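Just so you know, these numbers come straight off a predicted model, no measurement behind them. As a basis for the values below, the full set of heavy atoms in this structure was taken, side chains included, without hydrogen atoms, waters or symmetry mates. Each chain gets a letter, A, B and so on, in the order the sequences are listed, and its residues count up from 1.
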Amino acid sequence: MERSSLLRYTFCVETIRFYHQSHPSLASAAMSEFHPEEIEKKWQSYWEENQTFRTDTDSDRPPFYVLDMFPYPSGAGLHVGHVEGYTATDIMARFKRARGFEVLHPMGWDAFGLPAEQYALKTGTHPRETTEKNIATFTEQLKSLGFGYDWNREINTTDADYYRWTQWIFLKLYEQDLAYIAEVPVNWCPALGTVLANEEVIDGRSERGGHPVVRKPMRQWMLKITEYADRLLQDLELIDWPEHLKEMQRNWIGRSRGAEVDFAVDPESTDGLEANIRVFTTRPDTLFGATYMVLAPEHPLVDDVTSEEKRQSVERYRDEAAKKSDLERTELQKEKSGVFTGAYAVNPVNKQKIPIWVADYVLYGYGTGAIMAVPGHDQRDWEFARAHDLEIVEVISGGDIEEEAHEGDGELVNSEFLSGLPVDEAKEKIIDWLEERSLGKGAINYKLRDWLFSRQRYWGEPFPVVHRKEDGEVVPLPEEELPLKLPEVEEYAPSGTGESPLATIEEWVETKCPETGEPARRETNTMPQWAGSCWYYLRFVDPDNDEAPIDPKLEQKWLPVDLYVGGAEHAVLHLLYARFWHKVLYDIGAISTKEPFQRVVNQGMILGTSYLYYETEEGEILGEEAADRRDVTGYPVHVDEVRWEGDRPMHPTADIELDPVVEKMSKSRGNVVNPDDVIEEYGADSLRLYEMFLGPLEATKPWDPRGVTGVHRFLSRIWRLVAGDEDAPAGVGEGELDDDLKRALHQTIQKVTEDTEELRFNTAIAAMMEYVNTLYKLDEVPRLAISPLVQMLAPYAPHTAEELWARLGHEPSVIEEPWPQYDEDWLVEDSYELAVQVMGKLRGTVEIPQDADEDTAVAAARQNEDVERYLEEKEIRRVIFVPGRILNFVVG
RNA sequence: GCCGGAGUGGCGGAAUUGGUAGACGCGCCGGAUUCAAAAUCCGGUGGCCUUACGGCCGUAUGGGUUCGAUUCCCAUCUCCGGUACCA
């Protein structure tokens with residue numbers, strides 16, 4: 001071993017020398033104790049100086065792209081939930097690298113967003129400053145965990161060099177006719193003079209100040225994601241996502257088959273109005289049971305059909321509905337409200353005249369905004385009919401429509417030519433019938449709506465378009481003029497008109513049309529936070545390209561992302577939006593892949609423990625004994641203020657035992673675990689290992705403050721195997737491995753390799769723990785037995801592994817070493833313990849040779865007293881022998 | 001309500017083409033070491049019965065299939081996540 005090269009990197013050894021010279025008696029203690037803080041910084045700088053994690057995208061090694069959902073750099077810093085996902089990907093990145101892959105594992109910042117702008121409003125600090133400061137904190141935290149990111153590829157969505165391409169993609173969407181302007185209602189707060197995001201509105205009032213919020217239509221950019229609904233649905237087949245995640249996307253897209261049917265308005269009831277009301281229904285088979293119609297309050301025909309005597313009540317109803325937010329409309333669902341318009345429509349199948357109502361249980365945004373109501377076979381219609389005394393007709397047998405609507409299967413009745421048919425056939429037949437007469441047609445509908453793509457905010461990507469004053473035309477900027485930079489502003493306060501603060505910057509807003517040179521205004525909306533995160537995974541592959549968002553050759557090689565890990569909160573929107581943009585880029589030939597993320601895994605939430613005390617209405621304070629009482633309110637005590645009496649959590653001042661409750665971590669519950677604190681106490685490797693050992697990656701798991709000691713102890717045990725300690729085996733030796741040890745080693749390599757590959761990190765760690773326990777039983781540990789263990793540990797606890805690898809006399813870095821191989825021959829043992837049952841109950845075990853046949857097994861079993869006792873004087877009717885598994889006697 | 005997921009020791013969890021339930025860790029108990037404690041090392045640890053050998057019960061609950069069920073089927077309960085008048 002080359003000591004000199006080793007010493008260049010191991011200042012620990014220097015430290016120990018120093019100790020040895022000045023305090024000879026301390027040398028062995030310093031040598032043997034595990035002090036993560038002394039080695040972690042050292043190896044972090046080693047990786048940085050050596051550019052260990054730099055990715056060569058042109059490498060000949062097979063590519064592996066492992067990606068985290070990049071964070072919004074909030075002021076709160078990294079939390080243990082981030083650490084969980086990022087550790088998982090870091091393990092995979094390091095593992096795949098050792099397995100011979102060229103690994104791309106980048107990190108960046110989703111840095112546009114509301115909090116920085118709100119902070120700017122309060123303090124006048126530019127969001128860029130806040131963002132930079134937060135990014136610095138995040139970066140330091142990520143580095144302190146030893147994550148092996150290629151920082152040369154760092155992306156920040158707020159950099160003009162990045163959002164230049166976000167704007168470019170918008171221009172492409174516009175060219176493809178996928179971006180359009182519409183009047184859409186937004187949450188307008190007159191008191192604050194601004195538009196609020198949904199999450200800023202609580203119970204119809206603003207989160208800040210509690211001012212009333214109303215819905216006001218404003219000019220907005222929309223993206224036609226609905227045009228891609230079918231492909232977004234179908235291409236789910238191409239990707240390896242967890243089934244529940246695909247299901248959520250399917251539900252969100254919400255494809256349903258049915259028919260569109262035209263109902264003519266009865267001219268006699270409307271002073272001769274000639275009009276059709278088109279409805280969408282998934283149950284055209286129930287057409288004969290349609291006894292009334294309902295228009296959504298916003299439906300344009302409402303005005304036309306309403307009779308003079310009903311006009312006043314209809315208008316009043318419509319105004320009421322407009323005031324309600326979507327939320328209120330759905331929450332107040334107990335009573336089905338509505339008013340009669342005075343008009344009638346004609347049911348096309350039987351020419352019956354049915355009344356037309358207006359009701360807000362029909363949504364303008366779905367289908368055609370109008371329905372045919374079939375109260376006999378739709379529960380909502382049934383409730384409405386009951387409330388307003390409308391006719392209910394049974395057209396499908398099998399239920400009791402006096403009690404409730406019968407939505408299930410059955411045979412058609414009261415339906416002329418459909419009567420007698422089952423539902424499925426009736427659907428087919430009626431659609432044909434309608435199509436022959438041009439009264440309707442088969443149709444498909446989606447729940448998915450077009451994507452509201454603008455915000456009235458400052459801190460977002462500006463739209464690269466102008467509005468020409470003379471004719472109001474929207475004119476896109478030429479590509480060469482990108483990026484259109486976000487200007488500096490004096491004030492972050494909203495303009496007061498509902499427009500973004502950009503509207504107040506005259507010299508920026510007033511411009512010229514790039515086509516004609518005539519006066520024009522810039523778009524003052526900005527893009528939503530989703531925009532930057534919709535394509536960042538492409539940019540990581542080719543972050544400095546100034547010709548295109550990504551070099552198509554590199555895209556072909558590196559996409560789709562092999563493994564994408566992040567929180568379940570992005571299961572629908574982020575993943576759907578990114579898939580949509582990806583498909584658009586595919587369609588214009590910018591990229592070659594249909595889907596961005598081949599495999600997605602959601603890490604589970606990590607829960608914290610809150611400590612509650614209870615208070616009665618009289619102000620009496622109670623402890624955990626009041627947990628089940630209903631007349632008390634619980635209040636959390638911050639975890640740092642809990643006073644511990646042994647293992648009893650106590651109120652800081654009162655003599656009250658607190659009630660521990662496991663729940664989502666949040667500042668207000670005082671139960672947040674800060675990763676920095678854990679690192680300080682136990683080191684980064686212990687934190688990483690603990691989060692992985694806690695349970696399956698995808699499961700929701702409670703954080704146990706005592707649990708970290710277990711994995712810390714495990715690392716310390718490995719450390720002392722190498723460094724030596726009086727209670728550990730007597731140091732590392734050069735001996736060969738005996739057969740038992742060799743088997744244990746190869747079995748461990750197999751288990752750790754397979755579990756790591758499948759992201760079963762908890763059981764991989766357990767296997768390494770078991771192996772360490774085995775090693776502790778030895779008198780001396782062969783170097784050949786411990787070196788592979790250190791290699792397997794490296795993805796999980798990289799700092800400790802690097803240090804041990806060096807101390808074992810190997811060249812740094814362990815990361816450069818190929819993954820250890822296992823030998824199949826050493827996985828099987830000569831003999832095994834066979835479980836023996838009598839009548840399915842375990843009665844004993846016998847040791848038999850690996851290749852023993854049934855006769856040998858039975859003979860061995862009958863030698864066993866515990867087994868034989870149950871077989872005596874009984875007739876053996878049947879013997880079930882599954883080699884390697886079980887031997888079962890069935891006796892009579 | 002609907003969709004998806006999950007219920008296993010005091011706790012986190014392990015084991016499913018059906019085959020020794022409780023790996024590994026925490027906690028707890030005992031021992032070694034120590035003047036003592038911490039740390040460390042070794043051993044034990046699902047419940048009940050038994051002096052012991054051993055037996056019985058046990059994977060949310062109740063049924064079923066099977067030589068054999070944590071695993072498959074039916075019904076029920078509870079919890080978590082998503083979604084909510086989507087015609």
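- Using Watson-Crick or G-U wobble geometry with both donor-acceptor distances under 3.5 Å, B/C35 finds no partner in any strand shown.
- In this structure, A/Arg885 does not reach the B/C67 phosphate: none of its side-chain N or O atoms is under 4.0 Å from OP1 or OP2.
- Of the listed nucleotides (B/C56, B/C67, B/U83), B/C67 has the atom at the smallest distance from the side chain of A/Val890.
- Considering only side-chain N and O atoms, A/Asn773 lies under 4.0 angstrom from the phosphate OP1 or OP2 of B/G25.
- Between A/Met769 atom CE and B/G12 atom C1' there is a gap of 12 Å when expressed in whole angstrom units.
- In this model, the phosphate group of B/G25 is not approached by any side-chain N or O of A/Arg717 to a distance below 4.0 Å at OP1 or OP2.
- Residue contacts for A/Glu833: at a heavy-atom cut-off of 4.0 Å it reaches a base atom on one of the strands shown.
- Between the A/Asn445 side chain and the A/Ser256 main chain, no donor and acceptor come within less than 3.5 Å of each other.
- Closest to the side chain of A/Asp866, out of B/G54, B/G12, B/G27, is B/G54.
- Of the two residues near RNA chain B, A/Leu245 and A/Gly710, the one whose nearest nucleotide lies more 5' is A/Leu245.
- Side-chain proximity of A/Lys841 to B/C57, B/C85, B/A15: nearest is B/C57.
- Minimum atom distance to the side chain of A/Tyr361 is reached by B/C85, of the listed B/C67, B/A87, B/C85.
- Using a 4.0 Å heavy-atom distance criterion, A/Thr845 is classed as a base contact.
- Not one side-chain nitrogen or oxygen of A/Arg250 sits closer than 4.0 Å to the OP1 or OP2 atom of B/G4.
- Pairing of B/A75, defined by two Watson-Crick or G-U wobble distances under 3.5 Å, is identified with B/U61.
- When the P atom of B/G1 is taken as reference, atom CD of A/Glu383 falls 14 Å away, rounded to whole Å.
- Distances shown here put every side-chain N or O of A/Arg720 at or beyond 4.0 Å from the OP1 or OP2 atom of B/A39.
- Between the CE atom of A/Met692 and the P atom of B/A14 there is a distance of 14 Å, rounded to whole Å.
- One C1' atom belongs to B/G9, the other to B/G44, and the distance between them is 15 Å to the nearest Å.
- Classification of B/G9 as syn follows from a glycosidic angle within 90° of 0.
- In this structure, A/Arg706 does not reach the B/G27 phosphate: none of its side-chain N or O atoms is under 4.0 Å from OP1 or OP2.
- Contacts of A/Arg877 with the nucleic acid, taken as non-hydrogen atoms under 4.0 Å apart, are absent.
- The pairing partner recorded for B/C85 is none, the criterion being a Watson-Crick or G-U wobble arrangement whose two distances lie under 3.5 angstrom.
- In this entry the distance linking CD of A/Gln837 with P of B/A21 reads 7 Å, nearest Å.
- Minimum atom distance to the side chain of A/Lys777 is reached by B/G43, of the listed B/G25, B/G43, B/C26.
- The side chain of A/His244 sits closest to B/G4 out of B/C24, B/G4, B/C85.
- Residue A/Glu770 is classed as a sugar-phosphate contact, given heavy-atom separations below 4.0 Å to backbone atoms only.
- Counting only heavy atoms from C-beta on, A/Tyr776 has its side chain closest to B/C42 among B/C42, B/U20, B/C24.
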When you look at A/Leu448 and A/Leu576, which way does the side chain to side chain contact (heavy atoms under 4.5 Å, CB included) test go after all the steps? CA-CA 11 Å; A/Leu448 186 69; A/Leu576 197 67; 3.8 Å; yes
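- Using a 4.0 Å heavy-atom distance criterion, A/Arg760 is classed as making no nucleic acid contact.
- Around atom CD of A/Glu847, more than 12 heavy atoms belonging to other residues, nucleotides or ligands sit under 6.0 Å away.
- Base pairing analysis places B/U16 opposite nothing; no Watson-Crick or G-U wobble pair with both distances below 3.5 Å involves it.
- Within 4.0 Å (heavy atoms only), A/Ser256 reaches sugar-phosphate atoms of the nucleic acid but no base atom.
- If you take CZ of A/Phe693 and P of B/A23, they are 11 Å apart, rounded to a whole angstrom.
- OP1 or OP2 of B/G55 lies within a sub-4.0 Å distance of a side-chain N or O belonging to A/Arg843.
- Each of B/C26, B/U20, B/A23 was ranked by its minimum atom distance to the side chain of A/Thr709; first place goes to B/C26.
- Across every strand in view, B/C28 sits in a pair with B/G44 that passes the Watson-Crick or G-U test at under 3.5 angstrom.
- If you check every strand for non-hydrogen atoms under 4.0 Å, A/Asp381 touches nothing.
- Classification of A/Arg386 and A/Glu383 as a salt-bridged pair fails, no side-chain N sitting under 4.0 Å from a carboxylate O.
- Judged by distance alone, the side chain of A/Lys246 and the main-chain N or O of A/Ile239 form a donor-acceptor pair under 3.5 Å.
- Within the 4.0 angstrom heavy-atom criterion, only backbone atoms of the sugar-phosphate kind lie near A/Arg869; the bases stay farther away.
- Backbone-only contact: A/Asn251 has heavy atoms under 4.0 Å from sugar-phosphate atoms and none from a base.
- Toward the 5′ end of RNA chain B lies the nearest nucleotide of A/Ala835, the other residue of the pair A/Ala835 and A/Thr282 mapping further downstream.
- Of the candidates B/C3, B/G19, B/U83, the closest approach to any side-chain atom of A/Asn888 belongs to B/G19.
- Ring-plane geometry between A/His388 and A/Phe384 is classed as tilted, the angle between the planes lying from 30 to 60 degrees on a 0 to 90 degree scale.
- Side-chain atoms of A/Thr845 never come within 3.5 Å of backbone atoms of A/Glu833 as a donor-acceptor pair (strictly under, hydrogens ignored).
- Salt bridge status for A/Glu84 with A/Lys701: present, with a side-chain N to carboxylate O gap under 4.0 Å.
- Per the geometry, CG belonging to A/Leu834 stands 18 Å off P belonging to B/G68, to the nearest Å.
- At least one donor-acceptor pair closer than 3.5 Å links the side chain of A/Asn602 to the backbone N or O of A/Gly567.
- Within the 4.0 angstrom heavy-atom criterion, only backbone atoms of the sugar-phosphate kind lie near A/Tyr870; the bases stay farther away.
- Side-chain atoms of A/Val362 lie closest to B/A87 of the nucleotides B/C26, B/C24, B/A87.
- Among the atoms of the strands shown, only primed sugar atoms or phosphate atoms (P, OP1, OP2) are found under 4.0 Å from some heavy atom of A/Leu694.
- Residue A/Asn762 is in sugar-phosphate contact alone, with no base atom involved, counting any heavy-atom pair closer than 4.0 Å across all strands shown.
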